[in-house]
Student: 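Please read through the structure below; I'll follow up with questions.
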Amino acid sequence: MAERRYTKDHEWIELNGSVGTVGITNYAQEQLGDVVFVELPASGKKLTKGGEAAVVESVKAASEVYSPVAGEVVETNGAIAKDPSLVNREAETNGWFIKVKLADIKEFQALMDSASYQKFVEGLH
Amino acid sequence: MGSTAADTHTDLRKTPLHALHVELGARMVPFAGYDMPVQYPTGILTEHNQTRAQAGLFDVSHMGQARLWGEGADKALEKLVPGNLTGLAEGKIRYTMFTNERGGVMDDLTIGRAKDHLSIVVNAACKDADYEHMQRNLPKGLRLEILDRALIALQGPFAAKALARMSPDVDRMSFMSFAPMNIAGFDVGVARCGYTGEDGFEISVHNDDADEFARLLLAEPEVKPIGLGARDSLRLEAGLCLYGHDLDTETTPAEGDLGWTIAKRRREEGGFPGDKIILKQLAEGPKRIRVGIKPEGRAPARENTVILDVAGKEIGKITSGGFGPTVNGPVAMGYVTRENAAIGTPLGLVVRGSTLAAKVAPLPFAPHRYKK
């Protein structure tokens, strides 16, 4: 099974070879509430680690989705642009945002694993 | 992901329904110094749609309720607001605003005439300043009584049906009227008005009764609890101003397109703060005016978004903007120059560095469905 890592900004990234699929966590979508709009980057866009990768808007507010790693956008999820509520319903599966070709795989390995992220989220309450 | 920082809830005031909100699983946020429910577990979209389709219960106890007692209270209060109060019939309510010497709006409020006093409801964030303003500027012979009571709004096409089950009298009330009543054994003040564009009521309840009374209303099959999030999207679709956003001390009622609240006699006589400035603007047209704005794509344009004319020149800013669930798309209000205020005028909205196409749109976005 492909490995998954998490950020303190509540993004997840799943690595397949040198390409990472990025989305927001279930915790993040719960905090946002009903997602009504997403803005995705163009394919080929270069992303920096921690830089803005996409925008997600709920009824209340707009928030940024940050890239967990540096790299290049190779694919975006048109399904969430068409139906933003997919981000609420399937945040950690079909509600992914972008696929990124990693510049440096070590950046992935340095992120939190599932257990560490769970602990991190529990600490927020 | 950004902007999910937790707020600290210390030193916040609680309404008499606070425990009920928590029990119902609300997400509580600080608002105007109170710990208030922004949404319940169903979420803002569902709550918004519930209110448009059925009925919603809103805790608006943070708002200020007061009474003005004394001979000539109407005439005296007219010195602070441009609304026609001497012409206000008993049992009727009027929407107006406190203006300052520059014609700017210090707060918007409703005033109702009871048999022997005026009943005043003001915004939570402004209430202390409003009370001080009245106490300082009204004649000594009048007495301002500040009520410490809960205020519960019941809004939606089935609000009257639900409330009439407990008190058949409410169904006969016309919009913008109010009356003291006894509902299910509780002494309440019922006003047929609201902030959603729907038919509905705002019910003033003694603090000690509020929890029990709210639970009675929530037991009606049409009624669900609604948070501040949906309250905001509902009022935005209804084209209603939010003080501190769409109106402020630097914005006049004429600029706010609220000329309809200023009756002929008040226009002829003046006699309220900033009257010369406001009346001149009403006669000649203000330089800038509040309009509805419909972005053409799917991206919402939020408060403070810069508005451009067709030539790309900045002509104003969005003051309220977001997603309208009933419209099923982005909606906004903002101020533009008078030359760009006609319905259908193309505008540009600067969102994250890009210019999005938009048009001046008629308000409200969702038709008002008030009881005639």
Side-chain angles (χ1 to χ4, degrees), chain A residues 6-13 22-42 50-68 78 80-85 87-89 91-92 95 97-98 117 120-125, chain B residues 1-9 25-27 29 31 37-50 226-237 295 297-305 318 320-332 349 351-354 356:
Chain A
Y6 300 83
T7 72
K8 287 186 175 178
D9 295 315
H10 308 287
E11 289 95 11
W12 57 266
I13 177 167
V22 177
I24 66 170
T25 63
N26 198 48
Y27 174 85
Q29 72 77 19
E30 276 175 9
Q31 292 299 306
L32 278 173
D34 301 307
V35 174
V36 295
F37 178 76
V38 293
E39 189 174 278
L40 297 167
E52 184 182 313
V55 175
V56 57
E57 301 214 21
S58 68
V59 182
K60 282 297 286 174
S63 308
E64 294 82 32
V65 178
Y66 303 117
S67 183
I80 62 167
K82 226 176 276 165
D83 177 12
S85 68
V87 177
N88 293 117
R89 296 197 311 273
E92 302 204 10
F97 279 66
I98 53 171
Y117 178 69
F120 171 70
V121 166
E122 279 157 27
L124 295 176
H125 293 283
Chain B
M1 213 192 74
S3 65
T4 47
D7 290 290
T8 53
H9 291 207
R27 181 181 304 167
V29 299
F31 182 83
V38 66
Q39 65 169 82
Y40 297 87
T42 48
I44 296 175
L45 281 182
T46 305
E47 291 169 29
H48 180 110
N49 294 332
Q50 163 73 22
I226 312 295
L228 291 178
R231 182 168 161 84
D232 192 49
S233 56
L234 288 159
R235 70 89 200 167
L236 173 56
E237 282 186 339
R298 298 293 298 172
R302 308 280 176 180
E303 186 175 0
N304 289 326
T305 297
I318 299 274
S320 284
F323 182 82
T326 304
V327 172
N328 188 25
V331 289
L349 305 175
V351 176
R352 294 182 285 274
S354 308
L356 308 180

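Letters go in sequence order (proteins before strands), and every chain restarts at 1. Quick note: numbers below take in every heavy atom, side chains included, and nothing from hydrogens, waters or symmetry partners.
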Student: Is B:R352 salt-bridged to A:E57, cutoff N-O under 4.0 Å?
Tutor: yes
Student: Could you work out, with ring pair (Phe, Tyr, Trp, His ring centres under 6.0 Å) as the rule, every residue matching A:Y6, not counting sequence neighbours?
Tutor: A:Y117
Student: Pick from B:G329, B:P330, B:G322, B:P300: which one has the most heavy-atom pairs with chain A under 4.5 Å?
Tutor: B:P300
Student: With a 4.5 angstrom heavy-atom cut-off, could you sort out which part of A:S58 is near chain B: side chain, backbone, both or neither?
Tutor: backbone
Student: Any idea which of A:N88, A:V55, A:V38, A:D34 has the most non-hydrogen atom pairs under 4.5 angstrom with chain B?
Tutor: A:D34
Student: Restricting to non-hydrogen atoms, name the atom on A:K60 and the atom on B:V38 that form the minimum distance, rounded to 0.1 Å.
Tutor: CE-CG2, 4.1 Å
Student: Top residue by heavy-atom pair count (under 4.5 Å) with chain A, among B:A299, B:G43, B:S233, B:G229?
Tutor: B:A299
Student: Please state whether the side chain, the backbone, both or neither of B:R298 comes within less than 4.5 Å of a heavy atom of chain A.
Tutor: both
Student: Any idea which heavy atoms bring B:F323 and A:V36 closest together, and the distance?
Tutor: CD2-CG1, 3.4 Å
